[in-house]
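Just so it is clear, the model here is predicted, and its values are computed rather than measured. When reading the values below, keep in mind they use all heavy atoms of this one structure, side chains included, and skip hydrogens, waters and symmetry mates.
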Amino acid sequence: MATQETIDEVVTVWKAYTDTIQDWQVLTKGVVPKDTDCGPVYELPSPIDRPNESFAIADMRDIAITGPHYHTNGEVEIYIVLEGLGKVFVGGEATELKPGDVSVTPVDTVHFTVPTKGLVLAVINTPPFSPANAVSVRETDPLHGFDAKQYESLKQSL
């Protein structure tokens, strides 16, 4: 499992890279996105030499709320806001998102996002993303930090 020091290094390296992105759509040109409940997700080859991480762009501009889920097997997920505004809920705690912000979701912690204005995220997973590690949650799951009532209330308010 990744240590805080390792996660801090991953954030530092990827934040430096994402700060150089002028237009994320140039990176995704010609890439067929996966249709997910997080919006179109463009899984991209790593632009930097980081074999223990994966890089994707999640285009959340046309969705109201993502599905709650968590990652197993040591997989940590990091969001870096490329553009737009929103709110991420990690283990039930809400954090506002604006361009340049970073959000780290620890392993086995439920998270979901409420895009509010044109939200696009760089998504880094360490170890690299595996669909087998992504677990959708629909019922209250205190072990992984999910409150279904909170989620449904947010959904109803959108």
Side-chain angles (χ1 to χ4, degrees), residues 1-137 145 154 158:
M1 187 172 307
T3 64
Q4 187 59 50
E5 185 176 313
T6 302
I7 297 304
D8 290 346
E9 176 199 346
V10 171
V11 168
T12 298
V13 169
W14 282 103
K15 179 77 171 89
Y17 170 74
T18 59
D19 284 349
T20 70
I21 297 173
Q22 301 276 329
D23 181 355
W24 65 268
Q25 292 176 334
V26 169
L27 296 176
T28 61
K29 188 173 184 161
V31 177
V32 177
K34 293 193 175 183
D35 187 25
T36 74
D37 67 357
C38 294
V41 173
Y42 299 86
E43 293 180 337
L44 301 168
S46 182
I48 52 181
D49 186 21
R50 304 288 295 185
N52 294 321
E53 297 141 22
S54 59
F55 176 67
I57 294 180
D59 179 359
M60 298 182 178
R61 295 176 298 170
D62 294 328
I63 61 170
I65 190 168
T66 67
H69 65 283
Y70 63 94
H71 301 267
T72 62
N73 293 320
E75 196 172 299
V76 174
E77 188 160 75
I78 300 163
Y79 296 157
I80 303 173
V81 181
L82 298 177
E83 67 181 48
L85 303 171
K87 193 179 283 189
V88 65
F89 290 78
V90 177
E93 297 294 319
T95 302
E96 297 286 334
L97 297 173
K98 65 185 181 316
D101 284 352
V102 175
S103 175
V104 177
T105 302
V107 65
D108 293 323
T109 304
V110 173
H111 54 287
F112 61 91
T113 305
V114 180
T116 54
K117 183 181 177 189
L119 188 63
V120 178
L121 304 174
V123 182
I124 295 90
N125 290 73
T126 183
F129 175 77
S130 169
N133 292 339
V135 180
S136 292
V137 180
L154 284 165
L158 300 175

Please check if atom [atom1] in [X] has more than 12 non-hydrogen atoms from other residues, nucleotides or ligands closer than 6.0 Å.
X: E5; atom1: CD; result: no
X: D35; atom1: CG; result: no
X: D62; atom1: CG; result: no

Criterion side-chain contact (heavy atoms from CB on, under 4.5 Å) on E43 and S54, from CA distance to verdict: CA-CA 8 Å; E43 293 180 337; S54 59; over 6 Å; no
Stepwise side-chain contact (heavy atoms from CB on, under 4.5 Å) check, I57 with V120: CA-CA 7 Å; I57 294 180; V120 178; 3.6 Å; yes
Less than 3.5 Å apart, which donor and acceptor atoms pair up between the side chains of residues 78-91 and the rest of the protein, not counting sequence neighbours?
unit_1	atom_1	unit_2	atom_2	d
Y79	OH	E77	OE1	3.1
E83	OE1	W24	NE1	3.1
K87	NZ	E96	OE2	3.3

Which pair of non-hydrogen atoms, one from [X] and one from [Y], has the smallest distance, and what is that distance?
X: P68; Y: F112; result: CA-CB, 3.9 Å
X: V107; Y: N73; result: CG2-N, 4.4 Å
X: L119; Y: L121; result: CD1-CD2, 3.9 Å
X: P45; Y: F55; result: O-CD2, 4.3 Å
X: A58; Y: C38; result: CB-O, 4.3 Å
X: E75; Y: P128; result: OE1-O, 3.4 Å

Check: T3 side chain, T6 main-chain N or O, donor-acceptor pair, under 3.5 Å: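 It does hold such a pair.
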Whether T66 side chain and T113 backbone form a donor-acceptor pair below 3.5 Å: yes
Stepwise side-chain contact (heavy atoms from CB on, under 4.5 Å) check, H111 with S103: CA-CA 10 Å; H111 54 287; S103 175; over 6 Å; no
Any side-chain heavy-atom pair of [X] and [Y] under 4.5 Å:
X: T105; Y: H71; result: no
X: T126; Y: I7; result: yes
X: V123; Y: V41; result: no

Approximate separation, where rounding is to 0.5 Å, of T18 OG1 and I124 CD1: 6.5 Å
Evaluation steps, side-chain contact (heavy atoms from CB on, under 4.5 Å), between T109 and Y70: CA-CA 5 Å; T109 304; Y70 63 94; 5.6 Å; no
